[in-house]
Amino acid sequence: MSALSPVLVDLKFNPEGVARALKTAFSDRGSINVADTVDAARDLRAVEYALLWKPDADLFSRAPNLKVIFSGGAGVDHIIGMAGLPDIPIVRFVDRSLTTRMTEWVVMQCLMHLRAQYAHDISQRRREWAKLIAPEAAEVTVGVMGLGILGQDAVAKLKVMGFNVIGWSRTRKTIEGVETFDAGELDRFLAKTDILVGLLPLTPETTGFYDSGLFKKLRRDGALGQPVFINAGRGKSQIEADIVSAVGEGTLGGASLDVFEVEPLAADSPLWELENVFITPHDAAVSEENALFRHVETQIARFERGEPLQFVIDRAAGY
């Protein structure tokens, strides 16, 4: 019986955590971690599977015999468009823990804007006893853009919290008890939305999608008074200069951002100082290494049994 091909690992995050988790992962076939100086120069021609997050530019020329590529996260925009990308399946990371963490962040941000947490924070620092009267969640419509696994979980849990929730996707999705819209109904969707939640993948169509023109179409007579923008999808889908101006002039009443056009966010970015804007460092839903490796092991086992891979992206759609 021939030796099993090791899994090539090229992940540009948490190198200590990756190295630690790899000690017990892929025990039947081993792995090649290109971040490890011992593995960096290894011959990759025998490698059939690669787990990647923002991989080295020369990777595909070094590993010409790949059969499957696994993304180290829910998105694949860091791989699509790379020079030499082979025409093989690309599998995105789907995991209960990652989905749950993303929804926790989305629900938390919606609640903080609902209950005016930024104003409370200011009052606390001033030692002021300043009570606020907030609307109920049922008075506020949250519009979720992107109705894949992450989006649908966020919709379900926002509904549990009492929000009125609607959804938008390029092609219409059917979700029981939720009004949904497709690409041709964008303006109607926006006009009903008080809190806009962005969970869209990055594609040529969604690059720069969240701009001043879009923000002006959001609902302005709702219980919050001014609409709010929340984005945990992809940073390049938003135009940050437009967010700054929209908040400054009152087109937006606030924002919560976990992703940015360039990361890390520059220290001199005006986003840091904006009132009612919450910034988190792209950690809304981090890929936990042990869960990621278990996901890859499961998919390789399916592939080698002749079963279809799960969570394979549509190359034409880009996600």
Side-chain angles (χ1 to χ4, degrees), residues 1-79 82 84-86 88-105 149-150 258 263-264 280-313:
M1 178 176 173
S2 60
L4 297 175
S5 168
V7 177
L8 171 62
V9 178
D10 190 358
L11 300 173
K12 300 297 192 294
F13 58 78
N14 192 15
E16 295 82 8
V18 169
R20 185 166 52 250
L22 278 176
K23 291 179 180 178
T24 55
F26 311 119
S27 57
D28 60 339
R29 63 181 65 245
S31 62
I32 298 174
N33 182 8
V34 297
D36 189 323
T37 54
V38 175
D39 283 344
R42 291 235 337 238
D43 187 338
L44 304 181
R45 286 175 294 180
V47 171
E48 296 177 344
Y49 308 106
L51 171 59
L52 312 176
W53 183 260
K54 300 181 179 179
D56 292 343
D58 66 344
L59 183 78
F60 300 124
S61 61
R62 293 181 60 203
N65 297 309
L66 293 176
K67 293 180 178 178
V68 184
I69 294 170
F70 299 94
S71 173
V76 295
D77 51 276
H78 60 102
I79 299 172
M82 284 188 65
L85 180 65
I88 58 176
I90 300 175
V91 176
R92 59 194 180 89
F93 180 36
V94 174
D95 177 71
R96 181 207 57 80
S97 174
L98 184 146
T99 301
T100 297
R101 291 173 192 222
M102 177 64 81
T103 296
E104 288 171 351
W105 186 91
I149 291 172
L150 298 178
D258 184 59
E263 297 181 2
T280 55
H282 203 154
D283 62 359
V286 295
S287 296
E288 196 279 317
E289 292 83 14
N290 289 296
L292 176 59
F293 296 156
R294 286 195 300 269
H295 157 79
V296 173
E297 287 176 323
T298 298
Q299 295 305 314
I300 290 176
R302 290 179 63 92
F303 185 76
E304 294 186 340
R305 289 196 301 265
E307 300 173 10
L309 291 163
Q310 297 171 302
F311 318 121
V312 177
I313 69 152

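Predicted model, so just to flag it, every value in this text is computed and none were measured.
In this pair, His295 and Phe70 present their aromatic rings perpendicular. The plane angle is above 60°, beyond the 30 to 60° band. In this pair, Trp53 and His78 present their aromatic rings tilted. The plane angle is within the 30 to 60° band.
To the nearest 0.5 Å, atom OG1 of residue Thr103 and atom CD1 of residue Ile149 are 11.0 Å apart.
Of all heavy-atom pairs between Ala21 and Phe293, the closest is CB-CE1, 3.5 Å. Of all heavy-atom pairs between Glu297 and Phe26, the closest is OE2-N, 2.8 Å.
Gln310 places none of its side-chain heavy atoms less than 4.5 Å from the side chain of Val94.
Contacts classified as salt bridge (charged side-chain N to carboxylate O under 4.0 Å, His left out) and involving residues 16-37 (residues at least two apart or in different chains) are given here: Arg29-Glu304.
Not counting sequence neighbours, the partners of Asp58 by the side chain to side chain contact (heavy atoms under 4.5 Å, CB included) test are Asp56, Ser61, Arg62.
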**Request:** Applying side chain to side chain contact (heavy atoms under 4.5 Å, CB included), run through Lys54 and Phe13 and close with a yes or a no.
**Result:** CA-CA 9 Å; Lys54 300 181 179 179; Phe13 58 78; over 6 Å; no
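For the side chain to side chain contact (heavy atoms under 4.5 Å, CB included) criterion with Leu52, the lone passing option out of Ile90, Leu11, Asp10 is Asp10.
Side-chain atoms of Ser71 do not come within 3.5 Å of backbone N or O of Val76 as any donor-acceptor pair.
Inspection of the Arg302 and Thr298 side chains reveals no N or O donor paired with an N or O acceptor under 3.5 Å.
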